[in-house]
Amino acid sequence: QFNLKRLTLEQIETQLANILVAEQVEADAGAIRAIARAGNGSLRDALSLLDQAIAYGHGAVRSDEVTAMLGTVDRARVATLLDAIVDAEAPALLAEVESLAQFAPDFAIVLDELAELLHRVQVAQFVPAARGEDAEDAARFVKRIAQDEVQLLYQLALSGRRDLGLATSPRAAFEMAVLRMLAFRPLPRTAIAGADAPKSAAPATRRAPASAAAGAVATPVPPRGATPRAESQDAATANRREPSVDAVPVAAAPLQPPPLDTEHWLAAIERAALRGPVRELALNSVPLGLEGGRLRLGLKASHEHFRSDALTRQLADVLAPLYGPLRIQFESVAPGAESAADRARQQRSARQVEAEAAIAADPVVQTLVNRFDARVVPNSTRPRNPENER
């Protein structure tokens, strides 16, 4: 048995360059690097690809011809894709995908290149002195993407790579993968209009309510100390919009927020229909208190990576209809503190135990076990999903 080690990219690249010089074959550095990378640690595979590239290029090894032969794309195009994702520019992103499709690339390789670029960005963020390949491309994104967001985009690139074989077409799967990065990536600060808008709009809404939605959020009830003339004006306005106010029962939520304990915090997360990274941040937070619009949440040391300014702003905006305008403050808590995720796991475990007990007590199951020596396959019982029963 031979335990062969994978060669590094630099080792394969150096060997290919030496062979090309000895054989007096014209080649450029970009083509050599592309072949070495496609060899994936195997010099034998890289040499086979080199032979194909020489034949494909009629005795020369050039970058554009090697790219066409391998079905890869120029790395500058991969950086352009990431630019559109970071800037949340869906039209530019789809236009770049359309441009890529004209070259009939292997979209699996494009996702691999995108994941590799994100890997180099993350390494540069944690170890700025590290100098890997294409360090200039990685440096463009070091300050533009938060560290936790790089991890999220990297995972989405990997999951999109796995989905390629399940989709109706590779291009459709690739488009969904990059659009998923837009859908789950936290919005930039300028795109989140919920933090300051309600505060500035609230005084004007109290003076002259213009719509049912504005009145429901900012002034759920008329002021008690209003003058008779103001009361008549408010009553006339309320009569015109009475159906809309009645149709929004959450209007009084900021005045009487739900209790802030783990059980109610988990219910608030489900009611707000959070998703993606902001949901993970909320689930792994421990509710500590709500005082004067300041929501105190605890994070264990193992969950600190969920915290970011963009996710914090999103969480405050989504919870505002339940708790009113919020300023969220995170604090460190002990590892044993119960978060909403811990409570959800306990609930799932309790439902699982109840389901297994119900199966064991079922008369039909007991008859099969007693008469035919049957047995319930371990870990095959699943509790009913309460959401599906509503």
Side-chain angles (χ1 to χ4, degrees), residues 37 73-97 99-100 107-163 173-195 274-285 299 302-318 328 330:
R37 189 182 299 114
V73 295
D74 186 356
R75 288 204 157 188
R77 289 187 171 275
V78 177
T80 303
L81 278 174
L82 188 55
D83 272 324
I85 293 171
V86 172
D87 296 334
E89 293 288 345
L93 181 62
L94 291 181
E96 184 61 26
V97 173
S99 178
L100 284 175
F107 285 107
I109 296 179
V110 180
L111 281 175
D112 289 342
E113 295 283 357
L114 183 57
E116 180 60 28
L117 175 56
L118 291 167
H119 164 252
R120 296 195 302 274
V121 172
Q122 187 85 103
V123 171
Q125 287 177 332
F126 282 95
V127 187
R131 298 291 298 179
E133 57 172 319
D134 299 336
E136 294 77 10
D137 285 342
R140 290 168 48 189
F141 301 99
V142 168
K143 299 297 184 181
R144 297 172 59 192
I145 317 177
Q147 294 175 356
D148 54 346
E149 294 173 23
V150 175
Q151 285 287 333
L152 172 64
L153 295 177
Y154 182 82
Q155 292 297 326
L156 291 176
L158 295 184
S159 63
R161 177 73 164 78
R162 293 190 295 266
D163 292 345
F174 179 78
E175 286 186 351
M176 289 300 293
V178 293
L179 289 175
R180 193 180 303 124
M181 295 179 185
L182 283 185
F184 282 90
R185 186 172 181 272
L187 296 175
R189 181 187 298 269
T190 55
I192 302 175
L274 299 177
R275 62 186 181 91
V278 69
R279 176 181 175 84
E280 293 301 318
L281 174 63
L283 283 175
N284 288 282
S285 299
L299 276 179
S302 58
H303 298 141
E304 283 287 340
H305 59 280
F306 286 115
R307 185 195 304 188
S308 73
D309 293 340
L311 293 181
T312 302
R313 290 193 299 271
Q314 285 192 64
L315 183 59
D317 294 339
V318 174
I328 298 181
F330 285 102

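When reading the values below, keep in mind they use all heavy atoms of this one structure, side chains included, and skip hydrogens, waters and symmetry mates.
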**Asked** About how many Å separate CG of Leu156 and CG of Leu111, when rounded to the nearest 0.5 Å?
**Response** 10.5 Å
**Message:** I want to check something: taking the side chain as every heavy atom from C-beta on, are Met181 and Leu114 in contact at a cut-off of under 4.5 Å?
**Reply:** yes
**Message:** I want to check something: taking the side chain as every heavy atom from C-beta on, are Glu304 and Phe330 in contact at a cut-off of under 4.5 Å?
**Reply:** no
**Prompt:** With a 4.5 Å heavy-atom cut-off, do Val97 and Leu81 have their side chains touching?
**Reply:** yes
**Fill in**
Shortest non-hydrogen pair, Leu152 vs Phe184, comes out as CD2-O, 3.5 Å
**Request:** Indicate yes or no: at least one non-hydrogen side-chain atom of Arg140 is less than 4.5 angstrom from one of Val86.
**Result:** no
**For Val150, side-chain contact (heavy atoms from CB on, under 4.5 Å) partners two or more places apart** = Leu118, Val121, Gln122, Gln125, Ile145
**Prompt:** How long is the gap from CZ on Arg279 to CG on Leu315, to the nearest 0.5 Å?
**Reply:** 12.0 Å
**Request:** Check whether any side-chain heavy atom of Arg77 lies under 4.5 Å from a side-chain heavy atom of Leu100, and answer yes or no.
**Result:** yes
**Asked** Quick one: does Glu113's side chain get under 4.5 Å of Arg37's, heavy atoms only?
**Response** yes
**Prompt:** How many angstroms lie between CZ in Arg161 and CZ in Phe174, if you round to the nearest 0.5 Å?
**Reply:** 12.0 Å
**Asked** Do any N or O atoms from the side chain of Ser285 and from the backbone of Leu281 form a donor-acceptor pair under 3.5 angstrom?
**Response** yes
**Request:** Could you pull out the closest heavy-atom pair between Ala115 and Ala157, with the gap in Å?
**Result:** CB-CB, 4.1 Å
**Item:** Gap between atom CG of Leu117 and atom CG of Asp112 - 0.5 Å precision
**Value:** 12.5 Å
**Asked** Mind checking whether Arg144 and Asp87 have side chains closer than 4.5 Å, heavy atoms only?
**Response** yes
**Prompt:** Passes side chain to side chain contact (heavy atoms under 4.5 Å, CB included), Leu93 versus Leu182? Steps please.
**Reply:** CA-CA 10 Å; Leu93 181 62; Leu182 283 185; 3.8 Å; yes
**Prompt:** What is the distance from atom CZ of Arg313 to atom CD1 of Ile328, rounded to the nearest 0.5 Å?
**Reply:** 11.5 Å
**Complete:** Interatomic distance, CD@Gln151 vs CD@Gln155, rounded to 0.5 Å, equals 6.5 Å
**Item:** Close side-chain approach of Leu311 to Asp148, heavy-atom, < 4.5 Å
**Value:** yes
